[in-house]
Amino acid sequence: MLTEQIIQSLRAVREQKPLVVNITNYVVMNNTANALLAIGASPIMAHSQQELAEMMSFSGALVINIGTLDSVWTPRMCFAVEQANANNKVVILDPVGCGASTLRTETSREIARLADKLIIRGNASEIIALAGEQAQSKGVDALDSSDAALDAAKCLAAEYGANVVISGETDYVVTKDSVVTLNNGHPMMPYVTGMGCTLTALTGAFAAVGDESGLAAAAVLGVVGEIAAENSRGPGSLQMNVLDELYQLDEETLIQRLKIQ
Amino acid sequence: MLTEQIIQSLRAVREQKPLVVNITNYVVMNNTANALLAIGASPIMAHSQQELAEMMSFSGALVINIGTLDSVWTPRMCFAVEQANANNKVVILDPVGCGASTLRTETSREIARLADKLIIRGNASEIIALAGEQAQSKGVDALDSSDAALDAAKCLAAEYGANVVISGETDYVVTKDSVVTLNNGHPMMPYVTGMGCTLTALTGAFAAVGDESGLAAAAVLGVVGEIAAENSRGPGSLQMNVLDELYQLDEETLIQRLKIQ
Amino acid sequence: MLTEQIIQSLRAVREQKPLVVNITNYVVMNNTANALLAIGASPIMAHSQQELAEMMSFSGALVINIGTLDSVWTPRMCFAVEQANANNKVVILDPVGCGASTLRTETSREIARLADKLIIRGNASEIIALAGEQAQSKGVDALDSSDAALDAAKCLAAEYGANVVISGETDYVVTKDSVVTLNNGHPMMPYVTGMGCTLTALTGAFAAVGDESGLAAAAVLGVVGEIAAENSRGPGSLQMNVLDELYQLDEETLIQRLKIQ
């Protein structure tokens, strides 16, 4: 049932080639644009307030990633979220490093409050920090187990009306009424910078074709990352192979590999 | 005859190692710098108004790419074009997403008007939008066939005194008096973000050694992309292989592969 | 003796996974973050004045790279250096293109003066220009032999109390009292943009675990780059393979390959 939904979503992305607007961090712009292209979507990386109203009027979703945040970009992000709201489009928030600085925590909350339709994708530390619980955040990489973040995710779902994806060794897709667990992926994935940001960007592509839970993207990248890592000598190869496998992924492989419950 | 010109240009880039100043978008900065190095040129990625006069005084060409435009960068681009003019250097304009927003269309035209010696490199949608005709632009990726853009390119050549390269399944190199057609390349190439931006950057390297038509760069990247794609499992590999093949390209292979008329 | 120190430093990076704050250029942000992850460190790419005090309070070192400098970023860099000083952390300065513009030369000197604990990593041209001697700088790539820069490095060591790494065909690690020479590496390495920036970032990781000379990073990247290049068809593969080999590097290989005196 869930697997069937995921397959349908993948087919829809490849058929509809949705436009996804990304205001994201400098580190991952190239990779996330490439991931969107590889899965069949069409990335727009734009951040000027002078064009975001136009861009959101014909795009399918908005990805906001605060990885290299500053005071110049925050108003642009907020403006873009308002345009997404005005067009009834989903906002996907990646609260990178939430908890590592007051700026990140407060900006993440501001964006979460502002968005009408929201998916939040973070690691356990970030989800816990965003929910306001005590997180032992150390920089922008994850420390808390995904398990410990489940409660935080449920709080966020209630507080913001958001769906929440916690990525880690196990991924959790948390909606108001359900928790889906995914057990794909590979231990080498955290050695590639912005693998989580790639998941966030893909979540935008799937949201644009109707999957507002975040499930399909997490399922696809878990399987793809697993296949890619099995054929990689290290994180350089893995970064490249993820793009190749997103492009090559067929439905049968996805069904066979998927560990979902 | 044209093939011989292209070979001479390639030899000149590798011998002279021209400096190319790039004010380009965040998404492709790494890739375009690497493409310039791989073909034998020397990239400078600089955008501060405090140093662009100096930089243009000893560089061979200026690449302006509006992919991640905002109001902070536009004045820098214009200032750099003025410095290129003052030094009698060619400006290569990549009007990324022209037609997708008013900002992009107007800024592209402003830069085109400002440049004394100009090559424009875009996809069909962008060229049509820049020329002011009705283009069905959807985001930053191409929708119109290259054929339909030929008339627009001729208008641009007349209006701005520019040479125009339309890239797509077929590439067209349009000057005031001639149209050259190139039929290399591979259907996987649009799945790598900024492949067009790479062509624009390479056009800068060849302009710096005297090819002000844009032909040599289009020929080289068409052949290189074709070879690279034939050995690629997907767009991740392709992005990497393009750099390897730019570095490895020998004249004999270029002559054998080139489909030009 | 030196080899043993290098091995201990490598082990320390992998065990302690130090956080390294990077204010670096747009071109190399992805690669340098990935290089830090691959060697076992944890990168933070942050540049907002609103969070740099917090970030430096729990990080191990600060990398400042002026590759895509402008007047917006310079005050952020200076503020971050002050925070590093306040926390007694090493600053690693990469004076990219120093000598190619007045802006770069002056900004590099300003940062060098400001930092209490400092490692400077540059190519020969940059080191000579920073020291104020006459350098024939042409853009951001190296022209002078590393030999000619040794005197400049000794001046910088005296003037700023800095340790200096000159990278090139031969690398020199210059402290107040000693010069160590490294002869690893490969001629293909300069064809990858930002290979020097990668060395600078890695120098930050090793400084964070106590190697304030810059030696361990230069030794590791020299050996890794050599191995990676031997298995690369061109600079695209090399960029990828460097990450894989940083991840795979074992102590025995490092000892066998290292050419140090």
Side-chain angles (χ1 to χ4, degrees), chain A residues 17-60 68 72-73 76 192 198 201 224 227-228 231-232 236-249, chain B residues 24-34 65-74 96-108 125 136-143 187-198 229 231-244:
Chain A
K17 301 187 176 307
L19 286 162
V20 181
V21 173
N22 297 264
I23 305 185
T24 187
N25 72 71
Y26 300 122
V27 182
V28 304
M29 282 195 188
N30 185 269
N31 276 63
T32 53
N34 272 326
L36 286 167
L37 285 169
I39 201 63
S42 186
I44 298 181
M45 320 310 271
H47 62 269
S48 171
Q49 240 167 281
Q50 295 170 274
E51 65 179 356
L52 281 164
E54 283 169 270
M55 293 292 191
M56 283 315 306
S57 73
F58 55 74
S59 296
T68 51
V72 179
W73 283 57
R76 296 169 177 173
V192 178
T198 295
V224 159
I227 296 169
N231 296 295
S232 295
S237 305
L238 178 51
Q239 181 167 266
M240 178 187 79
N241 287 334
V242 162
L243 297 174
D244 285 1
E245 298 304 330
L246 282 170
Y247 181 81
Q248 289 286 352
L249 182 66
Chain B
T24 188
N25 72 71
Y26 301 121
V27 182
V28 304
M29 281 194 190
N30 186 268
N31 276 63
T32 54
N34 272 326
N65 176 310
I66 67 161
T68 51
L69 193 63
D70 68 27
S71 57
V72 179
W73 282 58
T74 306
V96 181
C98 188
S101 76
T102 307
L103 175 70
R104 288 171 191 247
T105 307
E106 291 184 350
T107 305
S108 299
S125 303
Q136 295 177 300
S137 184
K138 173 173 171 271
V140 296
D141 296 310
L143 279 188
M188 200 195 281
M189 290 173 75
Y191 285 88
V192 178
T193 192
M195 192 60 86
C197 305
T198 295
N231 295 295
S232 296
R233 175 165 169 79
S237 305
L238 178 52
Q239 181 166 265
M240 178 186 79
N241 288 334
V242 162
L243 297 175
D244 285 0

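Quick caveat: nothing in here was measured; it's all calculated off a predicted structure. Letters A, B, ... are given to chains in the order of the sequence lines, protein chains preceding strands, and every chain is numbered from 1.
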**OP:** Among B:Ser71, B:Ser101, B:Ser232, single out the residue with the greatest number of heavy-atom pairs under 4.5 Å to chain A.
**Re:** B:Ser101
If we only count heavy atoms from C-beta on, is the [X] to [Y] side-chain gap below 4.5 Å?
X: A:Asn30; Y: B:Asn30; value: no
X: B:Pro235; Y: A:Leu37; value: no
X: A:Asp244; Y: B:Ser237; value: yes
X: B:Arg233; Y: A:Met240; value: no

Subject >> Heavy-atom proximity to chain B below 4.5 Å, by part of A:Gln49 >> reply: neither
For [X] versus [Y], what's the shortest heavy-atom pair and its separation?
X: B:Thr68; Y: A:Met45; result: CG2-O, 3.5 Å
X: B:Gln239; Y: A:Asn34; result: OE1-ND2, 3.0 Å
X: B:Asp70; Y: A:His47; result: OD2-NE2, 2.9 Å

Subject >> Engaged part of B:Asn25 at the chain A interface, taking heavy atoms whose separation is under 4.5 Å >> reply: neither
Original post:
Would you find a donor on one side and an acceptor on the other, under 3.5 Å apart, between the side chain of A:Glu54 and the backbone of B:Thr102?
Top reply: yes
Original post:
Side chain of A:Gln248, backbone of B:Gly234: donor and acceptor closer than 3.5 Å?
Top reply: no
**OP:** Name the orientation class of the two ring planes belonging to A:Tyr247 and B:Tyr191 (parallel below 30°, tilted from 30 to 60°, perpendicular beyond 60°).
**Re:** perpendicular
